Amino acid sequence: MSTIAPPHRIRVLAAGGHRHDEILTPAALDFVGRLAAAFGDRRRELLKERRRQVLRLASGSPLDFPMVTSAVRADPTWRVAPPAPGLTDRRVEITGPPDRRMTVNALNSGAMVWMADFEDATAPTWDNIVGGQLNLLDAIERRIDFTTDEGKEYRLAGRDELATIMVRPRGWHLDEEHLEVDGAPVPASLVDFGLYFFHCAQRQIDAGYGPYFYLPKLENRYEARLWNDVFLLAQELLGIPRGTIRATVLVETITAAFEMEEILHELREHSAGLNAGRWDYLFSIIKTFGHRTDFLLPDRAKVTMTAPFMRAYTELLVRTCHKRGAHAIGGMAAQVPGKDPAANEAALAKVRLDKEREAEEGFDGSWVAHPGLVPVCQEVFDGVLGDRPHQLDRTRDDVEVTPIELLSVRRISGPPTQEGVRTNIAVALRYFAAWQRGQGAVAVEGLMEDAATAEIARVQIWQWLRHRVIDRETVLRLLDDEVAALGAEYPWAPVDDIRALFERIVMTAELPLFFTPDAYTRHLVRRTEAGA
Ligand SMILES: CC(=O)SCCNC(=O)CCNC(=O)[C@H](O)C(C)(C)COP(=O)(O)OP(=O)(O)OC[C@H]1O[C@@H](n2cnc3c(N)ncnc32)[C@H](O)[C@@H]1OP(=O)(O)O
Ligand SMILES: O=CC(=O)O
Ligand SMILES: [Mg+2]
């Protein structure tokens, strides 16, 4: 074992669940403990730096491409690592939580990649976290087939037809309260990354693939450097060759958009490109600049990917990736298929338009939220790529994006409508209810809602209140109505708790940076001091 992974004492503070012992083995826990002991302090420092950056931007410091890294951007010679096996052709990627049924469905969906999501689409109950790891292990070992009580069979297709697995650990801002190292909670990112890497890295290599990841919610190059160092130590500890890991970073914060090239550079020997995480990106813009009137946005439905500031972000992402030989992966259209044929047709048409825009901009592939959307995404990218696995050769030298273009939000501003306010309240409440119950993604009125879209819903209400474009009485009246509707629709929902959560994270002068840490501690943590 490496001398740079100090000794530590790790404890599980949760009752043992079904087959948890297969994941929480002493060796796996020791591995996670070593990562936490090696990187816990740096992660804490970086979270403090996030707060300092919030204050700097709030007090008027301009956001710009960093001067100190201009040499990295100007150097034409460097490239990221070549695509690893299973990651060359990524024209359709499906995302979703690694629950048992969805794991089989996603792997069989026909998509090239499945992003198994512990972040936006997972409510991080301890059982979801450990159960998700178990499902991944079972899938890789091909022992996940099962039959439901109703007799529906779930079977994995042949290996060549399965999607390549990429795992998205939780972001740096979250703790895992059911694991403690030297008396402190383990960073959730290191739990999700560490358990998967420990159990599945070698198995994936033996199967001809590798340990692949999606990295969420990074805010700057230092956070990318931290991930790179985690990768180096993890590979060293398990004797896996340096450079085997691949990771796609989601550009989903406004500050990361100013450091795309630097993020690729930090991770270059492990990089598998960038993804346009549009929903968190929008959330990040509102959260970061919500105090400014020139960042006041209209109803969520009116802020589309063709808005000039969103277009500037996606075009810069493609340009940056292709300049460095990296894949650029598109984002999530929110529409999901439902039971009504007319609504379905409309949803598919919207998804098609979205994917056509991405393929035309130069993206190499894109995300879908539902197996029913794989064919439309596939068709659109087939049309543009043909037999080529990607379009890295489209270097988009025509694209030049300035800070002003990334930040020109006011060009689509306008007051919210009453319906826009109501919808945001309804979405936030429904999502919080599902999340508290352990479900991290839900369909609400034909749209996929997850942690990122729920964040948009709640920060928009906060922003509109703050700028007095809606008044508190209106929000409280609509909240009464929507809480009543929620109780009628979901009789199991603890409506008082959900209302209280909404009021804590919306009806407050100081905007909490994320809703999840507080909601997690209050509602999802079930610690047993004695441990398992
Ligand atoms: C902002 C971002 O980060 S986007 C990425 C994070 N968000 C996500 O990944 C959301 C992924 N999508 C989902 O979770 C789901 O599609 C939902 C919750 C929106 C809707 O799910 P459901 O209500 O189950 O949809 P529906 O009833 O139409 O599903 C039909 C079948 O497709 C399966 N299915 C639906 N979505 C998925 C998916 N993403 N992956 C695998 N299988 C899926 C269902 O399990 C169901 O299977 P079954 O017939 O065997 O029971
Ligand atoms: O993670 C993706 C996003 O859009 O947010
Ligand atoms: Mg996101």
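Small disclaimer: the values here were computed from a predicted structure and weren't measured. One-based numbering, in listed order, for ligands and for the atoms of each.
A donor-acceptor distance shorter than 3.5 angstrom exists from the side chain of E252 to the backbone of K217, with no hydrogens or angles considered. With Q133 contributing its side chain and Y196 its backbone, the two residues share a donor-acceptor pair below 3.5 Å. Under a 3.5 Å cut-off, the side chain of R278 and the backbone N or O of M332 do form a donor-acceptor pair. Not a single donor-acceptor pair under 3.5 Å links the side chain of H390 to the backbone N or O of T88. Between the side chain of R394 and the backbone N or O of E360 there is at least one donor-acceptor pair closer than 3.5 Å. At least one donor-acceptor pair closer than 3.5 Å links the side chain of N135 to the backbone N or O of P98. Judged by distance alone, the side chain of Q460 and the main-chain N or O of P298 form a donor-acceptor pair under 3.5 Å. Counting only distance, with no hydrogens or angles, the side chain of T148 and the backbone of K152 share a donor-acceptor pair below 3.5 Å. Under a 3.5 Å cut-off, the side chain of K302 and the backbone N or O of P416 do not form any donor-acceptor pair. Side-chain atoms of T164 come within 3.5 Å of backbone atoms of G86 as a donor-acceptor pair (strictly under, hydrogens ignored).
Close approach to G96 involves these atoms of ligand 1, each under 4.0 Å from a residue heavy atom: 9 (O), 11 (C). Those atoms of ligand 1 that come under 4.0 Å of a heavy atom in M332, given as number and element, are 4 (S), 5 (C). Close approach of ligand 1 to A106 is summarised as follows: ligand atoms under 4.0 Å from at least one heavy atom of the residue are 40 (N), 41 (C). For ligand 2 and A452, the ligand atoms under 4.0 Å from any heavy atom of the residue are 5 (O). Annotation for ligand 2: atoms under 4.0 Å from non-hydrogen atoms of D280 are 3 (C), 4 (O), 5 (O). Against a heavy-atom cut-off of under 4.0 Å, A121 is close to the following atoms of ligand 1: 6 (C), 7 (N), 8 (C), 9 (O). Distances below 4.0 Å separate heavy atoms of R168 from the following atoms of ligand 2: 1 (O), 2 (C).
For residues 443-462, no pair satisfies ring-ring contact (aromatic ring centres under 6.0 Å, His included), with sequence neighbours left out.
Put simply, atom 31 (C) of ligand 1 has no protein non-hydrogen atoms near it, under 4.0 Å away. Protein heavy atoms are found less than 4.0 angstrom from atom 50 (O) of ligand 1. Within a 4.0 Å radius of atom 27 (O) of ligand 1, the protein contributes no non-hydrogen atoms. Protein heavy atoms are absent from the 4.0 Å sphere centred on atom 23 (O) of ligand 1.
The shortest contact between atom 4 (S) of ligand 1 and any protein heavy atom is with D450 OD2, 3.3 Å. Summary of contacts: the protein heavy atom closest to atom 3 (O) of ligand 1 is D120 OD2, 2.8 Å. Of the protein's non-hydrogen atoms, the one nearest atom 4 (O) of ligand 2 is W279 N, 2.8 Å. Protein heavy atom at the shortest distance from atom 47 (O) of ligand 1 is N105 ND2, 3.0 Å. The protein non-hydrogen atom at the shortest distance from atom 18 (C) of ligand 1 is A441 O, 3.4 Å. Nearest protein neighbour of atom 37 (C) of ligand 1, counting heavy atoms only, is P371 CD, 3.3 Å. If you check which protein heavy atom lies closest to atom 19 (C) of ligand 1, you get M448 CG, 3.8 Å. If you check which protein heavy atom lies closest to atom 12 (N) of ligand 1, you get A369 O, 2.8 Å. The protein non-hydrogen atom at the shortest distance from atom 20 (C) of ligand 1 is A443 CB, 4.3 Å. In terms of protein heavy atoms, atom 2 (C) of ligand 2 is closest to E252 OE1, 3.4 Å.
Here R101 has side-chain heavy atoms under 4.0 Å from ligand 1, and that is the only part of it that gets that close. The proximity of R168 to ligand 1, defined as any non-hydrogen pair under 4.0 Å, is limited to the side chain. Contact annotation: for M102 versus ligand 1, heavy atoms closer than 4.0 Å belong to both the backbone and the side chain. If you look at N275 next to ligand 2, there are no close heavy atoms at all, none under 4.0 Å.
The shortest N or O to N or O distance between H370 and ligand 1 is below 3.5 Å. The shortest N or O to N or O distance between V442 and ligand 1 is not below 3.5 Å. Between T95 and ligand 1, at least one N/O pair is under 3.5 Å apart. Residue D117 places no N or O, backbone or side chain, under 3.5 Å from any N or O of ligand 1.
Distance check: D175 CG to L47 CG gives 8.5 Å after rounding to the nearest 0.5 Å. The CZ atom of R466 sits 11.0 Å away from atom CG of L296, with the distance rounded to the nearest 0.5 Å. Between L353 atom CG and L348 atom CG the span is 11.5 Å, to the nearest 0.5 Å. Atom CD of Q204 is separated from atom CZ of F197 by 11.5 Å, given to the nearest 0.5 angstrom.
The shortest heavy-atom distance from W367 to ligand 2 is under 4.0 Å. Contact annotation: E153 has no heavy atom less than 4.0 Å from any atom of ligand 1. In this structure, Y154 has a heavy atom closer than 4.0 Å to ligand 1. Taking a 4.0 Å cut-off on heavy atoms, K152 registers as neighbouring ligand 1.
For the 3.5 Å distance criterion, the side chains of H270 and N228 qualify, holding a donor opposite an acceptor.
In this structure, the ring of F363 has its center no less than 6.0 angstrom from the ring center of F381. For W227 and F213, the ring centers are positioned 6.0 Å apart or more. With ring centers used as reference points, W172 lies 6.0 Å or more from F39.
Inter-residue side-chain proximity for F118 and L136 is flagged as met; some heavy-atom pair is nearer than 4.5 Å.
Listed by chain and number, the protein atoms of type N/O/S under 2.8 Å from the Mg ion (ligand 3) are D120 OD2, E252 OE1, D280 OD2; waters are omitted.
A 6.0 Å sphere centred on CD of E345 holds no more than 12 heavy atoms belonging to other residues, nucleotides or ligands. In R143, the CZ atom is crowded: over 12 heavy atoms of neighbouring residues, nucleotides or ligands sit closer than 6.0 Å.
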